[in-house]
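Below is one structure, written out as structure tokens; comments come after it.
Scope of the values below: all heavy atoms of this structure, side chains included, with no hydrogens, waters or symmetry mates.
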Amino acid sequence: MNRVKPIVLLGVAILIALITAFLVYGWMKSAASAARLKTKPVVVALIDMPWGGVITKEKVAVKSFLEESIPPGTFSQVSEVEGRILKFPVSQNEPLLMSRLAPAELKTGGVAAVVAAQKRAMAVKVDKVVGVSGFIHPGNRVDVFVTVREQRQNDVQTMTKLVLNNILVLAVGPQVEESGKKEKPTQVDVITLEVTPEEGEKLALAATEGKVVLALRSFADNEAVKTRGTTIPGLMSSASEGAKPQAASRPASTRREGATPRMFTVELYQGNKLTQKTAERGE
């Protein structure tokens, strides 16, 4: 019994030592990992902010981000972004980037702050139909169609043509800011488009001489499309195409002129009497 007791005590001591070593190793590993995961302060948006708006200190905050996950061009203090103008919309909790802000010397928001270089902002008066029932919003892209009446010799011809492709919508209505997050149809009076000077000439002529209609494009579709235009005669002719008369089939029993008749023989037994009859095979 006296020999067993020291052995038990030794085993307990070894077990405690192993547990202690395991705990110390885990703590050291966690401390090393925490030391490697360094964080930095980053200015983020507290709410969704549309482009053209002025950043105020109530709309932003500073949060800690892992240093390895921070994109280039961020800010670490609210004072660095206060009063700056957004060129692109920013979502809630999204870091503010230098590339999304207008130059620091620009202090007035609005459409002028978001127009790209070498482009112009041009407004088009629209109604509910032209404005795609109010579902066109800033940031969408549209195609511009125009319907005009054209004098050709002694006839006046109406024609519809796609004149502008993939045009960016800068503003809808008198305000740049959206009225709400829900996609609710609203009556639109003015839609402001971003165009080049050449595109602006086409848009001005279309709005003056004809009726302008906008077509909303998918975000995934930016391909330019060329069309020949549509006239009323062309529209009606395309609607009547497709119905072609079918050729009448010749009755099966009709024999071609000059063809040799094909004969066959039938044997008919009546009791012990055999009778043969010959007939002409039909076509």
Side-chain angles (χ1 to χ4, degrees), residues 33-124 131-132 134-142 166-186 188 190-196 199 216-222:
S33 299
R36 288 195 302 266
L37 298 177
K38 295 181 180 180
T39 61
K40 289 183 62 176
V42 175
V43 179
V44 300
L46 288 179
I47 59 174
D48 293 343
M49 292 187 289
W51 57 9
V54 181
I55 302 174
T56 60
K57 60 182 180 180
E58 294 81 14
K59 298 179 181 179
V60 295
V62 177
K63 293 187 178 181
S64 296
F65 277 67
L66 292 176
E67 189 173 3
E68 297 178 353
S69 64
I70 298 176
T74 58
F75 301 91
S76 59
Q77 298 180 9
V78 173
S79 60
E80 295 177 312
V81 300
E82 188 175 1
R84 298 287 296 271
I85 309 299
L86 285 170
K87 292 197 302 182
F88 300 92
V90 177
S91 302
Q92 185 178 10
N93 294 323
E94 182 180 352
L96 297 180
L97 303 178
M98 178 67 72
S99 59
R100 291 181 172 267
L101 303 184
E105 59 270 16
L106 187 61
K107 299 297 182 182
T108 303
V111 175
V114 299
V115 177
Q118 309 302 323
K119 294 292 186 73
R120 307 290 187 268
M122 192 166 182
V124 180
V132 195
F135 284 104
I136 293 182
H137 302 296
N140 292 153
R141 289 187 174 271
V142 297
N166 201 30
I167 302 300
L168 177 64
V169 178
L170 293 176
V172 176
Q175 299 293 331
V176 176
E177 295 186 0
E178 298 177 357
S179 58
K181 296 182 180 179
K182 293 184 179 179
E183 197 175 54
K184 183 179 179 181
T186 57
V188 177
V190 176
I191 291 181
T192 304
L193 305 177
E194 184 184 69
V195 294
T196 63
E199 292 171 338
L216 183 63
R217 294 187 70 130
S218 166
F219 285 112
D221 181 13
N222 57 5

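How far NZ of K119 is from CD1 of I167: 7.0 Å, rounded to the nearest 0.5 Å. Put simply, CZ on R120 and CG on L193 are 15.0 Å apart, with the number rounded to the nearest 0.5 Å. Note that the CG atom of L101 and the CZ atom of R84 stand 5.0 Å from one another [nearest 0.5 Å]. Interatomic distance, S91 OG to I47 CD1, rounded to the nearest 0.5 Å: 11.5 Å. Distance check: M122 CE to E194 CD gives 13.5 Å after rounding to the nearest 0.5 Å. Atom-to-atom distance recorded for N93:CG and K63:NZ is 4.0 Å, nearest 0.5 angstrom.
Contact check for F65 versus T74: no side-chain heavy atoms found under the 4.5 Å cut-off. With contacts defined as side-chain heavy-atom distances shorter than 4.5 Å, the pair F75/L97 does not qualify. When side chains are defined from C-beta on, Q118 does not count as touching T196, because their heavy atoms never get closer than 4.5 Å. Side-chain contact between P138 and V172 is present, with heavy atoms from C-beta onward closer than 4.5 Å.
V43 approaches V78 most closely through the heavy-atom pair CG2-N, 3.9 Å. Pairing each heavy atom of A61 with each of L46, the nearest pair is CB-CD2, 3.6 Å. Of all the heavy atoms in V90 and A45, the pair that sits closest is CG1-CB, 3.8 Å. When all heavy atoms of P41 and V62 are compared, the pair lying nearest together is CB-CG1, 3.5 Å. Across V81 and L96, no two heavy atoms sit closer than the pair CG2-CD1, 4.0 Å. The shortest non-hydrogen separation linking L86 to P50 is CD1-O, 3.7 Å.
Residues satisfying the salt bridge (charged side-chain N to carboxylate O under 4.0 Å, His left out) test with R141, not counting sequence neighbours, are none. Residues meeting the salt bridge (charged side-chain N to carboxylate O under 4.0 Å, His left out) test with E94, sequence neighbours left out: R100.
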Derivation of the side chain to side chain contact (heavy atoms under 4.5 Å, CB included) call for N140 and F219
CA-CA 7 Å; N140 292 153; F219 285 112; 3.2 Å; yes

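Panel note: side chain E82, backbone T56; no donor-acceptor pair is recorded below 3.5 Å.
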